[in-house]
Amino acid sequence: MAILRFNALKETLHRTPVKVQEDERRSDMFGRNVFNQKAMRQYLTKDAYESLKNATEKGEKIDRSLAENISAGMKEWAISKGATHYTHWFQPLTGSTAEKHDAFFETTEDGGAMEKFSGSQLVQQEPDASSLPNGGIRNTFEARGYTAWDPSSPAFVWGPTLCIPTIFVSYTGEALDYKTPLLRSVSALDKAATDVVRYFDKKVNKVITTLGWEQEYFLVDSALASTRPDLMMSGRTLLGHSPAKGQQLDDHYFGSIPSRVLNYMRDLERECMLLGIPVKTRHNEVAPNQFELAPIFEEVNLAVDHNSLLMDVMDKVAERHHFKVLFHEKPFQGVNGSGKHNNWSLATDTGSNLLSPGKTPMKNMRFLTFFINTIKAFYENEELIRATIASASNDHRLGANEAPPAVMSVFIGSQLTKVLDELEKVTNGKLSPEEKTELKLNVVGKIPEILLDNTDRNRTSPFAFTGNKFELRAVGSTANCADPMTVLNAIVAKQLKEFKVEVDGLISDKKMKKDDAIFNVLREYIKSSKKIRFEGDGYGDAWEKEAEKRGLSNYRTTPEALKAKISKKAIDLFGGLNIMNEIEVKARYEIEIEDYSKHIQIEGRVLGDIARNHIIPTAIKYQNILIENVKGLKEIYGSNFKGQAKQQMNIIEAISEHIEKINEEVDQMINARKQANSIEDPTEKAFAYCDNVKPYFDDIRYHCDKLELLVDDEIWPLTKYRELLFTK
């Protein structure tokens, strides 16, 4: 292994940046491999084009008779782009994407061949539903499942394949993917938000959920990564002593991008342009070899598809540049982890951002309505939000090195806090003309001025308002954005529905005017959700104690957090909005709780293997070298050898102590793992892995990392942190 390590280092040091050709404007390349409106106009009949356009923009159904024309046009377009196969591209509950490729090729009766792609093949396929996570919805012998075309997300060509974004459902109709509940939540929020926004603008007919994600990631040379079994098997380093220099000098963030990395980014961005992924921002992140890219905001369904596609593209482009992309939330101990910040907002079909103040009191009242309702929704469902960002990998990140803590809170800034404090004082009941004037001029009317300078961000806040959007910062870098966005859409939709019922009730029962009714309801929401707002530093015991006083949850681990997903409150929420039924909700919980156990199980196996098959033999080898040295000193100095061999003997003794501890801890971890594996109940098993198996990881690591400091560098088998993080 040591030979492999040094060969990898030698190979890495001789790398040169891979050349990237950029001979076109990006605006000319954008969407070239996407079946967008330009391609549709060229390859479809007028009726087919209008039908597909209406399906994309308005959600209208496509007539089966036109599906044949659409599939024929899509096939010809794809073949012109070099495609030989097609696939229904979907997002099962594995967290990644899935695809089964079929050739356009068909034989004919006369022994010839042709390219064929029918309307039925476009609209529906039948992959194996039993071999993908289903949470018990499908038995192993009941393999049938269906993928169905989602016209709202355009088809694209990636490599030699036409990829058709689809939903994935079981034979009995339950959703087996992330996209189906997301689309349902978008519909629910559209209806609820449209009903509320019409208090202020009768012309609005649709509200669109928008998302701008920020993808953080690490890059490690592929040769170096291949020397680390833990990186290859679990996505993170289970061992490794922190280097003398980490991120403490703050010299990486926004620094000059290394040449190899820059060429990788340029190549990646070129592929993104062709696929219609509107990436715009790239920069170094805080930790060494950590980076970020971010796109322009898009409609949430398309944004989710683009992020899932991007992660696949990042992996493939990385291979060309001899990199390994690490999406794990905490691949390296002691430096910043990676998140996927989800910037969420609402826009109308008339072009207004509902979370952006306007120039008039009326527009600012609209802003406050959606702003306050979102905070209220977050407060009422903070446990569910915590559950939706829970995973074995994100547990390592939450609460460490500038990541948001496990306690959910909302940051809005001191200026907006003052605005809400003023609104909290609104008279209970009908407002006098003087109060209305003062409120609209001195509080509501000044919001744009306040937000002009209110651009600071609280990096420790899980949910921060940043000017015209809310940023859900707690989402992990490996996550599919659809899950947290589905939950956020759902809780805001429910909240807006309740808000409208209350306002309408005051108007009809109390005979209040619309403005009075809105002010009264918002005032109560401000009071009732005040506990979730926190403007301070989210780190440390002080905030956790304060959160406990406020009655906020603090679920430090995934098994604790996930329970909120199957609470009656959650089941009623999703069922009441027709987003998921009880079977679908519980199936997702079962998949996620089992996934947690499997991740810890894999890490435990890998750690035990490395500790016993790599670390201990290396330590013994070095110990034997020292023993031979001591024997030699004894031969030279005789009975006085101990004075000359004192340090060597101390190291020999220290190595023995660490080896003994590692063996003891590994044995105990294996026994704990066996006991956990014998538990049939998925929840109990997850808690056993969390409470009884995982604690051994840190102890084993401690002794292995101490050996790394003692053993000769020339025989140490694992590539070290200083090499992984600082080799460019």
Side-chain angles (χ1 to χ4, degrees), residues 17-46 48-50 52-53 55-57 70 72-87 89 151-165 208 210-215 257 259-283 291-321 323 325 343 347 351:
V18 176
K19 291 184 179 179
V20 178
Q21 273 193 318
E22 284 191 288
D23 49 8
E24 292 182 87
R25 290 188 177 189
R26 296 194 170 190
S27 56
D28 293 334
M29 297 165 54
F30 186 73
R32 184 179 296 164
N33 290 346
V34 179
F35 197 62
N36 51 26
Q37 289 197 26
K38 181 180 178 181
M40 287 159 52
R41 279 194 296 267
Q42 184 177 350
Y43 285 89
L44 301 182
T45 65
K46 183 179 179 181
Y49 167 74
E50 290 296 333
L52 184 50
K53 186 170 178 286
T56 302
E57 296 178 357
I70 294 170
M74 195 180 289
K75 178 198 71 178
E76 291 304 315
W77 170 80
I79 290 173
S80 75
K81 296 291 179 183
T84 58
H85 289 65
Y86 68 92
T87 183
W89 182 82
S152 65
S153 184
F156 56 92
V157 169
W158 173 229
T161 308
L162 168 65
C163 300
I164 303 155
I208 302 135
T210 64
L211 169 64
W213 40 261
E214 302 168 24
Q215 181 69 58
I257 300 172
S259 298
R260 281 184 63 200
V261 175
L262 183 60
N263 278 20
Y264 164 74
M265 290 176 168
R266 289 169 59 205
D267 201 2
L268 171 63
E269 288 166 2
R270 185 180 185 281
E271 296 288 357
C272 287
M273 289 299 105
L274 293 171
L275 292 167
I277 306 173
V279 292
K280 186 175 178 67
T281 303
R282 66 189 184 203
H283 62 82
F291 309 94
E292 179 183 299
L293 81 161
I296 296 169
F297 277 55
E298 299 180 282
E299 185 274 322
V300 66
N301 180 42
L302 186 57
V304 167
D305 280 1
H306 278 164
N307 183 252
S308 297
L309 174 59
L310 172 89
M311 294 173 76
D312 186 36
V313 175
M314 288 176 74
D315 274 332
K316 288 182 169 63
V317 174
E319 291 175 11
R320 301 203 289 254
H321 293 259
F323 281 126
V325 182
N343 294 279

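Residue numbers start at 1 and run along the sequence shown. Just so you know, these numbers come straight off a predicted model, no measurement behind them.
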Verdict with supporting geometry, Lys53 and Thr56, side-chain contact (heavy atoms from CB on, under 4.5 Å): CA-CA 5 Å; Lys53 186 170 178 286; Thr56 302; 5.8 Å; no
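- Phe30 CZ to Leu274 CG: the interatomic distance, rounded to the nearest 0.5 Å, is 10.5 Å.
- With a 4.5 Å cut-off on side-chain heavy atoms, Trp158 and Lys316 count as touching.
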Walk me through whether Leu44 and Phe35 qualify under side-chain contact (heavy atoms from CB on, under 4.5 Å). CA-CA 11 Å; Leu44 301 182; Phe35 197 62; 4.1 Å; yes
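- Counting only heavy atoms from C-beta outward, the side chains of His306 and Pro295 never approach each other to under 4.5 Å.
- The CG atom of Asp23 lies 11.0 Å from the CG atom of Asp28; values are rounded to the nearest 0.5 Å.
- The closest side-chain heavy-atom distance from Asp315 to Met311 is not below 4.5 Å.
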Tell me, with the steps shown, if Met265 and Phe291 meet side-chain contact (heavy atoms from CB on, under 4.5 Å). CA-CA 10 Å; Met265 290 176 168; Phe291 309 94; 3.7 Å; yes
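- A distance of 12.0 Å separates CG in Leu275 from CZ in Arg32, rounded to the nearest 0.5 Å.
- Atom NZ of Lys19 sits about 11.5 Å away from atom CZ of Arg266, to the nearest 0.5 Å.
- In this structure, Met74 and Ala155 approach most closely via the heavy-atom pair SD-CB, 3.9 Å.
- To the nearest 0.5 Å, atoms CD1 (Ile208) and CD (Glu298) are separated by 13.0 Å.
- When the side chain to side chain donor-acceptor pair (under 3.5 Å) test is applied to Asp305, the partners found at least two apart in sequence or on another chain are Gln91, Ser153, Lys179.
- Distance check: Glu214 CD to Asn343 CG gives 5.0 Å after rounding to the nearest 0.5 Å.
- Nearest heavy-atom pair, Leu52 versus Pro151, reported as atom, atom and distance to 0.1 Å: CD1-CB, 4.0 Å.
- The stretch residues 273-282 participates, sequence neighbours left out, in these side chain to side chain donor-acceptor pair (under 3.5 Å) pairs: Glu269-Arg282.
- The shortest distance between side-chain heavy atoms of Val325 and Tyr264 falls below 4.5 Å.
- Between Leu309 and Cys272 the shortest side-chain heavy-atom distance does not fall below 4.5 Å.
- Residue Asn263 forms a side chain to side chain contact (heavy atoms under 4.5 Å, CB included) with just one option from Val18, Ile257, Leu268, Val20, and that option is Val20.
- When all heavy atoms of Tyr43 and Ser80 are compared, the closest pair comes out as OH-OG, 3.4 Å.
- Closest approach of Trp89 and Ser308 over heavy atoms only: CH2-CB, 4.2 Å.
- Contacts of His321 classified as side chain to side chain donor-acceptor pair (under 3.5 Å), with partners at least two apart in sequence or in another chain: Asp267.
- In terms of heavy atoms, Leu162 sits closest to Ala78 at CB-CB, 3.9 Å.
- Met40 is not listed as a side-chain neighbour of Trp77, based on a closest heavy-atom distance of 4.5 Å or more.
- A 4.5 Å side-chain heavy-atom check between Phe323 and Val261 finds at least one atom pair inside the cut-off.
- Between Asn307 and Leu211, every side-chain heavy-atom pair lies at or beyond the 4.5 Å cut-off.
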